[in-house]
Amino acid sequence: ALTLDGPDDGRVITGRAVYYRYQAAADSGLAAVTVSEQGSELARVELSGVRGGGMLALPLAPGEHRLSFALTGSDGRTSTSERALVMVPEPVHDRRLRATALLVPLQAPVDSAAMTPDDDPRFADAVTRDGRFRLVDQRAESVITETLGLVEAGYVDPATAAKLGRKLQSRYVVTGTLRRGRGDVECFVRLIHAESGREIAAADAYAPIAGGSRDAEFFAFVAARLRQIFPVLQGPLHPGSDVARLDLGERHGVVEGMRFHVVRRGEDLIDAKSGEVLLPGEPRIESTVEARRLEAQHSGCALVGGAPVHADEQAVSE
(Lines give C-alpha, C1' and ligand atoms only; values in the text may rest on other atoms or scores of the structure.)
Protein backbone atom coordinates (compact mmCIF):
# COMPACT_ATOMS: atom_id res chain seq x y z
CA ALA A 1 0.00 0.00 0.00
CA LEU A 2 1.19 3.51 -0.84
CA THR A 3 -0.45 6.56 0.74
CA LEU A 4 0.27 10.09 -0.55
CA ASP A 5 -0.47 13.49 0.93
CA GLY A 6 -0.07 16.19 -1.70
CA PRO A 7 -1.81 17.97 -4.60
CA ASP A 8 -4.05 16.18 -7.10
CA ASP A 9 -7.05 16.76 -9.41
CA GLY A 10 -5.31 19.44 -11.44
CA ARG A 11 -4.44 21.62 -8.44
CA VAL A 12 -2.39 24.67 -9.44
CA ILE A 13 0.93 24.83 -7.59
CA THR A 14 2.90 28.07 -7.45
CA GLY A 15 6.67 27.74 -7.39
CA ARG A 16 9.39 25.50 -8.78
CA ALA A 17 8.78 22.27 -6.84
CA VAL A 18 5.92 20.22 -5.47
CA TYR A 19 6.06 18.44 -2.11
CA TYR A 20 4.48 15.14 -1.07
CA ARG A 21 4.48 13.10 2.10
CA TYR A 22 4.35 9.36 1.51
CA GLN A 23 3.70 6.29 3.68
CA ALA A 24 4.47 2.80 2.45
CA ALA A 25 3.74 -0.70 3.72
CA ALA A 26 4.35 -4.22 2.39
CA ASP A 27 4.08 -7.46 4.38
CA SER A 28 6.79 -9.03 2.24
CA GLY A 29 9.17 -6.09 2.74
CA LEU A 30 9.77 -2.77 0.99
CA ALA A 31 12.25 -2.07 -1.81
CA ALA A 32 11.72 1.45 -3.20
CA VAL A 33 9.40 4.33 -3.99
CA THR A 34 9.87 5.90 -7.42
CA VAL A 35 8.27 8.91 -9.10
CA SER A 36 8.21 9.19 -12.88
CA GLU A 37 6.56 11.16 -15.66
CA GLN A 38 6.10 9.85 -19.18
CA GLY A 39 8.60 7.09 -18.49
CA SER A 40 11.30 9.39 -17.11
CA GLU A 41 12.25 8.81 -13.47
CA LEU A 42 12.16 11.97 -11.34
CA ALA A 43 12.97 10.55 -7.92
CA ARG A 44 13.80 7.26 -6.22
CA VAL A 45 13.97 6.40 -2.52
CA GLU A 46 15.36 3.05 -1.38
CA LEU A 47 13.39 1.45 1.47
CA SER A 48 13.68 -1.51 3.82
CA GLY A 49 11.52 -3.19 6.43
CA VAL A 50 7.76 -3.59 6.15
CA ARG A 51 6.81 0.06 6.78
CA GLY A 52 8.36 3.36 5.79
CA GLY A 53 7.68 6.98 5.02
CA GLY A 54 9.19 10.33 4.25
CA MET A 55 9.03 13.43 2.08
CA LEU A 56 9.49 13.97 -1.64
CA ALA A 57 10.53 17.28 -3.25
CA LEU A 58 9.97 17.20 -7.00
CA PRO A 59 11.30 20.13 -9.10
CA LEU A 60 8.94 20.65 -12.02
CA ALA A 61 8.83 23.02 -14.98
CA PRO A 62 5.76 25.23 -15.55
CA GLY A 63 2.87 23.42 -17.21
CA GLU A 64 0.60 20.42 -16.72
CA HIS A 65 2.02 17.29 -15.11
CA ARG A 66 0.80 13.78 -14.45
CA LEU A 67 3.08 12.08 -11.94
CA SER A 68 3.23 8.32 -11.46
CA PHE A 69 4.19 7.08 -7.97
CA ALA A 70 5.19 3.43 -7.65
CA LEU A 71 5.90 1.40 -4.52
CA THR A 72 7.93 -1.76 -5.14
CA GLY A 73 8.09 -4.59 -2.61
CA SER A 74 11.02 -6.90 -2.07
CA ASP A 75 9.04 -9.60 -3.90
CA GLY A 76 8.87 -7.41 -7.01
CA ARG A 77 5.21 -6.54 -6.79
CA THR A 78 4.23 -2.88 -7.26
CA SER A 79 1.48 -0.51 -6.19
CA THR A 80 0.98 2.62 -8.30
CA SER A 81 -0.84 5.93 -7.94
CA GLU A 82 -1.11 8.96 -10.24
CA ARG A 83 -1.40 12.65 -9.38
CA ALA A 84 -2.31 15.47 -11.77
CA LEU A 85 -1.31 19.09 -11.18
CA VAL A 86 -0.32 22.33 -12.91
CA MET A 87 2.87 24.24 -12.08
CA VAL A 88 2.98 28.02 -12.51
CA PRO A 89 5.89 30.38 -11.80
CA GLU A 90 5.81 32.28 -8.54
CA PRO A 91 5.03 35.99 -9.00
CA VAL A 92 7.46 38.70 -7.97
CA HIS A 93 6.57 39.41 -4.36
CA ASP A 94 7.82 42.58 -2.71
CA ARG A 95 8.93 41.43 0.73
CA ARG A 96 7.58 44.65 2.25
CA LEU A 97 4.04 43.56 1.35
CA ARG A 98 4.17 40.22 3.15
CA ALA A 99 1.57 39.45 5.79
CA THR A 100 2.71 39.62 9.41
CA ALA A 101 2.78 36.30 11.22
CA LEU A 102 3.49 35.28 14.80
CA LEU A 103 5.48 32.05 15.15
CA VAL A 104 4.44 30.26 18.34
CA PRO A 105 7.00 27.89 19.95
CA LEU A 106 6.54 24.25 19.01
CA GLN A 107 4.48 22.03 21.29
CA ALA A 108 5.13 18.35 22.00
CA PRO A 109 2.39 15.77 22.65
CA VAL A 110 2.60 14.14 26.06
CA ASP A 111 3.42 10.75 24.48
CA SER A 112 6.34 12.14 22.45
CA ALA A 113 10.02 12.02 23.27
CA ALA A 114 11.46 15.26 24.61
CA MET A 115 12.11 18.02 22.11
CA THR A 116 15.71 19.04 21.54
CA PRO A 117 16.99 22.57 22.32
CA ASP A 118 17.50 23.12 18.58
CA ASP A 119 13.93 22.36 17.49
CA ASP A 120 12.47 25.85 17.95
CA PRO A 121 15.48 27.73 16.48
CA ARG A 122 15.59 25.41 13.44
CA PHE A 123 11.84 25.75 12.90
CA ALA A 124 12.04 29.55 13.12
CA ASP A 125 15.09 29.64 10.84
CA ALA A 126 13.33 27.50 8.19
CA VAL A 127 10.22 29.72 8.19
CA THR A 128 12.36 32.86 8.09
CA ARG A 129 14.50 31.58 5.20
CA ASP A 130 11.40 30.58 3.26
CA GLY A 131 10.35 34.24 3.37
CA ARG A 132 6.61 33.70 3.08
CA PHE A 133 5.75 35.86 6.11
CA ARG A 134 7.11 38.87 7.92
CA LEU A 135 7.59 37.45 11.41
CA VAL A 136 6.73 39.36 14.59
CA ASP A 137 9.77 40.51 16.57
CA GLN A 138 10.98 37.71 18.82
CA ARG A 139 10.99 40.16 21.75
CA ALA A 140 7.35 39.17 22.03
CA GLU A 141 8.55 35.91 23.60
CA SER A 142 7.63 37.02 27.14
CA VAL A 143 4.02 37.65 26.08
CA ILE A 144 3.89 34.28 24.34
CA THR A 145 5.33 32.45 27.35
CA GLU A 146 2.87 34.11 29.73
CA THR A 147 -0.13 33.14 27.60
CA LEU A 148 1.03 29.61 26.79
CA GLY A 149 1.67 28.97 30.48
CA LEU A 150 -2.09 28.60 30.81
CA VAL A 151 -2.34 26.07 28.00
CA GLU A 152 -2.00 22.32 28.42
CA ALA A 153 1.30 21.18 26.88
CA GLY A 154 1.04 19.63 23.46
CA TYR A 155 -1.67 21.70 21.81
CA VAL A 156 -2.27 25.40 21.22
CA ASP A 157 -5.94 25.77 20.30
CA PRO A 158 -6.92 28.25 17.56
CA ALA A 159 -8.66 30.59 20.03
CA THR A 160 -5.50 30.96 22.14
CA ALA A 161 -3.34 31.37 19.03
CA ALA A 162 -5.68 34.05 17.68
CA LYS A 163 -5.64 35.90 21.01
CA LEU A 164 -1.85 35.99 20.87
CA GLY A 165 -1.90 37.22 17.28
CA ARG A 166 -4.28 40.06 18.06
CA LYS A 167 -2.32 41.07 21.16
CA LEU A 168 0.86 41.33 19.10
CA GLN A 169 -0.89 42.93 16.10
CA SER A 170 -0.19 39.96 13.85
CA ARG A 171 -2.45 38.97 10.96
CA TYR A 172 -1.65 35.26 11.16
CA VAL A 173 -0.30 32.83 13.74
CA VAL A 174 1.78 29.77 12.86
CA THR A 175 1.60 26.96 15.41
CA GLY A 176 3.26 23.56 15.30
CA THR A 177 3.18 20.24 17.12
CA LEU A 178 6.38 18.21 17.01
CA ARG A 179 6.49 14.49 17.75
CA ARG A 180 9.78 12.67 18.08
CA GLY A 181 9.98 8.90 18.17
CA ARG A 182 12.94 6.59 18.58
CA GLY A 183 13.74 6.70 14.90
CA ASP A 184 11.50 9.34 13.35
CA VAL A 185 10.17 12.87 13.66
CA GLU A 186 6.89 14.46 12.58
CA CYS A 187 5.73 18.07 12.58
CA PHE A 188 2.15 19.25 12.06
CA VAL A 189 1.74 22.99 11.38
CA ARG A 190 -1.42 25.10 11.37
CA LEU A 191 -2.01 28.63 10.09
CA ILE A 192 -4.52 30.61 12.18
CA HIS A 193 -6.27 33.78 11.05
CA ALA A 194 -5.85 36.05 14.08
CA GLU A 195 -8.93 38.22 13.60
CA SER A 196 -11.44 35.39 13.24
CA GLY A 197 -9.62 32.58 15.08
CA ARG A 198 -10.17 30.25 12.11
CA GLU A 199 -7.65 27.61 11.10
CA ILE A 200 -7.24 28.32 7.39
CA ALA A 201 -4.44 25.94 6.41
CA ALA A 202 -2.66 22.88 7.79
CA ALA A 203 0.18 20.63 6.65
CA ASP A 204 2.66 18.16 8.03
CA ALA A 205 6.10 16.71 7.34
CA TYR A 206 7.73 13.44 8.36
CA ALA A 207 11.21 11.95 8.36
CA PRO A 208 12.13 8.36 9.35
CA ILE A 209 15.44 9.46 10.89
CA ALA A 210 16.34 12.95 12.03
CA GLY A 211 19.06 14.55 14.07
CA GLY A 212 22.06 16.78 13.54
CA SER A 213 22.24 18.26 10.05
CA ARG A 214 19.20 16.22 8.95
CA ASP A 215 17.00 18.34 11.22
CA ALA A 216 17.63 21.45 9.10
CA GLU A 217 16.52 19.53 6.00
CA PHE A 218 13.43 18.28 7.81
CA PHE A 219 12.33 21.74 8.94
CA ALA A 220 12.93 23.07 5.43
CA PHE A 221 10.29 20.54 4.30
CA VAL A 222 7.95 21.85 7.01
CA ALA A 223 8.31 25.43 5.74
CA ALA A 224 7.92 24.33 2.11
CA ARG A 225 4.73 22.41 2.86
CA LEU A 226 3.33 25.47 4.65
CA ARG A 227 4.14 27.65 1.64
CA GLN A 228 2.56 25.10 -0.71
CA ILE A 229 -0.81 25.30 1.06
CA PHE A 230 -0.62 29.10 1.52
CA PRO A 231 1.20 30.33 -1.60
CA VAL A 232 1.96 33.76 -3.00
CA LEU A 233 -0.56 34.30 -5.81
CA GLN A 234 -1.13 36.83 -8.57
CA GLY A 235 -4.04 37.15 -10.94
CA PRO A 236 -6.54 39.46 -12.69
CA LEU A 237 -8.94 41.43 -10.48
CA HIS A 238 -12.13 42.74 -12.10
CA PRO A 239 -14.43 45.49 -10.73
CA GLY A 240 -17.99 44.70 -9.68
CA SER A 241 -21.03 46.48 -8.27
CA ASP A 242 -20.56 45.22 -4.71
CA VAL A 243 -17.56 42.85 -4.83
CA ALA A 244 -14.56 42.49 -7.11
CA ARG A 245 -13.98 39.21 -8.93
CA LEU A 246 -10.56 37.59 -8.74
CA ASP A 247 -9.63 35.05 -11.42
CA LEU A 248 -8.11 32.77 -8.78
CA GLY A 249 -9.95 30.28 -6.59
CA GLU A 250 -9.58 27.26 -4.34
CA ARG A 251 -7.88 25.32 -7.15
CA HIS A 252 -5.05 27.89 -7.03
CA GLY A 253 -4.71 27.93 -3.23
CA VAL A 254 -6.92 30.89 -2.31
CA VAL A 255 -8.39 30.59 1.19
CA GLU A 256 -11.15 32.65 2.79
CA GLY A 257 -9.73 35.81 4.31
CA MET A 258 -6.63 35.93 2.09
CA ARG A 259 -5.87 39.49 1.03
CA PHE A 260 -4.74 40.77 -2.36
CA HIS A 261 -3.17 44.13 -3.19
CA VAL A 262 -3.24 46.27 -6.32
CA VAL A 263 0.21 47.82 -6.25
CA ARG A 264 1.68 50.79 -8.05
CA ARG A 265 5.41 51.36 -8.04
CA GLY A 266 6.92 54.83 -7.99
CA GLU A 267 9.50 55.91 -10.54
CA ASP A 268 13.01 54.46 -10.21
CA LEU A 269 15.89 56.78 -9.44
CA ILE A 270 18.17 56.37 -12.48
CA ASP A 271 21.75 57.53 -13.01
CA ALA A 272 21.62 60.09 -15.84
CA LYS A 273 24.96 58.99 -17.32
CA SER A 274 24.92 55.22 -17.06
CA GLY A 275 21.18 54.62 -17.05
CA GLU A 276 21.66 52.34 -14.04
CA VAL A 277 18.85 52.10 -11.49
CA LEU A 278 20.20 53.66 -8.31
CA LEU A 279 17.08 53.23 -6.20
CA PRO A 280 13.98 51.19 -7.13
CA GLY A 281 10.67 53.00 -6.84
CA GLU A 282 8.72 52.40 -3.64
CA PRO A 283 5.63 50.18 -3.95
CA ARG A 284 2.33 51.86 -3.13
CA ILE A 285 -0.82 49.88 -2.37
CA GLU A 286 -3.77 51.43 -4.19
CA SER A 287 -6.43 48.87 -3.26
CA THR A 288 -6.68 45.91 -0.89
CA VAL A 289 -9.38 43.26 -1.23
CA GLU A 290 -10.16 40.18 0.83
CA ALA A 291 -11.38 36.85 -0.55
CA ARG A 292 -14.87 36.13 0.81
CA ARG A 293 -16.76 33.84 -1.59
CA LEU A 294 -14.63 31.05 -2.98
CA GLU A 295 -15.20 28.88 -6.04
CA ALA A 296 -12.84 26.51 -7.79
CA GLN A 297 -11.66 29.04 -10.38
CA HIS A 298 -12.79 32.43 -9.01
CA SER A 299 -13.21 34.34 -5.78
CA GLY A 300 -15.54 37.16 -4.78
CA CYS A 301 -13.54 39.81 -2.94
CA ALA A 302 -14.60 42.69 -0.69
CA LEU A 303 -12.74 45.99 -0.61
CA VAL A 304 -11.03 46.42 2.78
CA GLY A 305 -8.64 49.28 2.05
CA GLY A 306 -7.66 51.93 -0.48
CA ALA A 307 -9.52 53.04 -3.57
CA PRO A 308 -12.34 51.02 -5.19
CA VAL A 309 -11.33 48.80 -8.10
CA HIS A 310 -12.53 50.64 -11.21
CA ALA A 311 -10.66 48.74 -13.95
CA ASP A 312 -9.15 45.32 -14.54
CA GLU A 313 -5.97 45.12 -12.48
CA GLN A 314 -3.29 42.62 -11.53
CA ALA A 315 -3.47 41.78 -7.83
CA VAL A 316 -0.84 40.02 -5.75
CA SER A 317 -1.51 38.27 -2.48
CA GLU A 318 -0.14 39.31 0.88
Side-chain angles (χ1 to χ4, degrees), residues 12 14 88 90-104 127-128 130-137 140 143 158-159 161-174 190-201 226-227 229-268 279-318:
V12 178
T14 301
V88 298
E90 185 168 79
V92 176
H93 192 214
D94 194 302
R95 296 174 67 87
R96 291 167 290 187
L97 302 178
R98 294 172 297 167
T100 302
L102 169 65
L103 191 64
V104 173
V127 175
T128 301
D130 180 72
R132 178 63 185 86
F133 299 101
R134 183 173 62 251
L135 298 181
V136 171
D137 196 313
V143 178
K163 178 182 176 182
L164 274 170
R166 292 192 297 268
K167 183 179 293 188
L168 296 170
Q169 299 181 333
S170 173
R171 181 154 165 73
Y172 295 101
V173 182
V174 180
R190 307 192 309 279
L191 185 65
I192 309 297
H193 184 246
E195 183 178 347
S196 65
R198 290 182 295 104
E199 178 183 303
I200 61 174
L226 178 60
R227 191 184 189 96
I229 60 171
F230 195 73
V232 177
L233 303 172
Q234 182 173 356
L237 182 67
H238 310 286
S241 56
D242 54 346
V243 296
R245 191 192 75 171
L246 179 69
D247 287 353
L248 298 170
E250 291 178 312
R251 179 172 177 255
H252 306 87
V254 179
V255 299
E256 185 179 351
M258 181 182 280
R259 289 186 174 178
F260 291 80
H261 306 299
V262 175
V263 180
R264 291 283 184 272
R265 186 176 297 278
E267 293 186 3
D268 297 336
L279 186 66
E282 287 283 335
R284 183 181 73 256
I285 297 176
E286 289 204 345
S287 305
T288 299
V289 299
E290 187 171 282
R292 298 283 176 84
R293 298 201 302 264
L294 305 186
E295 299 179 14
Q297 303 283 358
H298 307 284
S299 300
C301 299
L303 181 71
V304 294
V309 180
H310 291 301
D312 293 350
E313 301 276 5
Q314 282 292 314
V316 62
S317 67
E318 57 195 352

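- Separating the CG atom in L135 from the CG atom in L102 is a distance of 8.5 Å, to the nearest 0.5 Å.
- Side-chain contact check for P236 versus D312: every heavy-atom pair is 4.5 Å or farther apart.
- Among R134, R132, R259, R171, the single residue meeting the side chain to side chain donor-acceptor pair (under 3.5 Å) criterion with E318 is R171.
- Between V289 and L246, the closest side-chain pair of non-hydrogen atoms is not below 4.5 Å.
- Expressed to the nearest 0.5 Å, how far CG of L103 lies from OG1 of T128 amounts to 7.0 Å.
- Taking 4.5 Å as the limit, some side-chain heavy atom of M258 sits within range of a side-chain heavy atom of L233.
- Comment: E295 does not engage R293 in a salt bridge, judged by the lack of any side-chain N to carboxylate O separation of less than 4.0 angstrom.
- R292 approaches A302 most closely through the heavy-atom pair NH1-CB, 3.5 Å.
- Counting heavy atoms from C-beta on, the side chains of E90 and Q234 never come closer than 4.5 Å.
- In terms of heavy atoms, V136 sits closest to S170 at CG2-CB, 3.8 Å.
- Counting heavy atoms from C-beta outward, F260 and L237 have side chains that stay 4.5 Å or more apart.
- In plain terms, the two heavy atoms of V254 and A291 that are nearest each other are CG1-CB, 3.8 Å.
- Using a 4.5 Å cut-off on side-chain heavy atoms (C-beta onward), V232 and R227 make contact.
- Ion pair R190/E199 flagged as a salt bridge, since at least one NZ, NE, NH1 or NH2 atom sits closer than 4.0 Å to an Asp/Glu carboxylate oxygen.
- Between E256 and I200 the shortest side-chain heavy-atom distance does not fall below 4.5 Å.
- Within 6.0 Å of atom CD in E195, 12 or fewer heavy atoms from other residues, nucleotides or ligands are found, so the atom counts as exposed in its surroundings.
- With rounding to the nearest 0.5 angstrom, the CZ atom of F133 is 5.0 Å from the CG atom of L226.
- Between the CG atom in L97 and the CD1 atom in I285 there is a gap of 5.0 Å [rounded to 0.5 Å].
- Shortest non-hydrogen contact noted between L303 and G306 is CD2-O, 4.0 Å.
- Between F230 and Y172, the ring planes are perpendicular. Angles over 60° get that label, and only those under 30° would be called parallel.
- Between H298 and H238 there is no side-chain heavy-atom pair separated by less than 4.5 Å.
- Across every non-hydrogen atom of G197 and P158, the tightest pair is O-CB, 3.4 Å.
- With rounding to the nearest 0.5 Å, the separation of CG in L248 from CG in L294 is 11.0 Å.
- Contact detail for A296 and H252: the closest heavy-atom pair is O-ND1, 4.1 Å.
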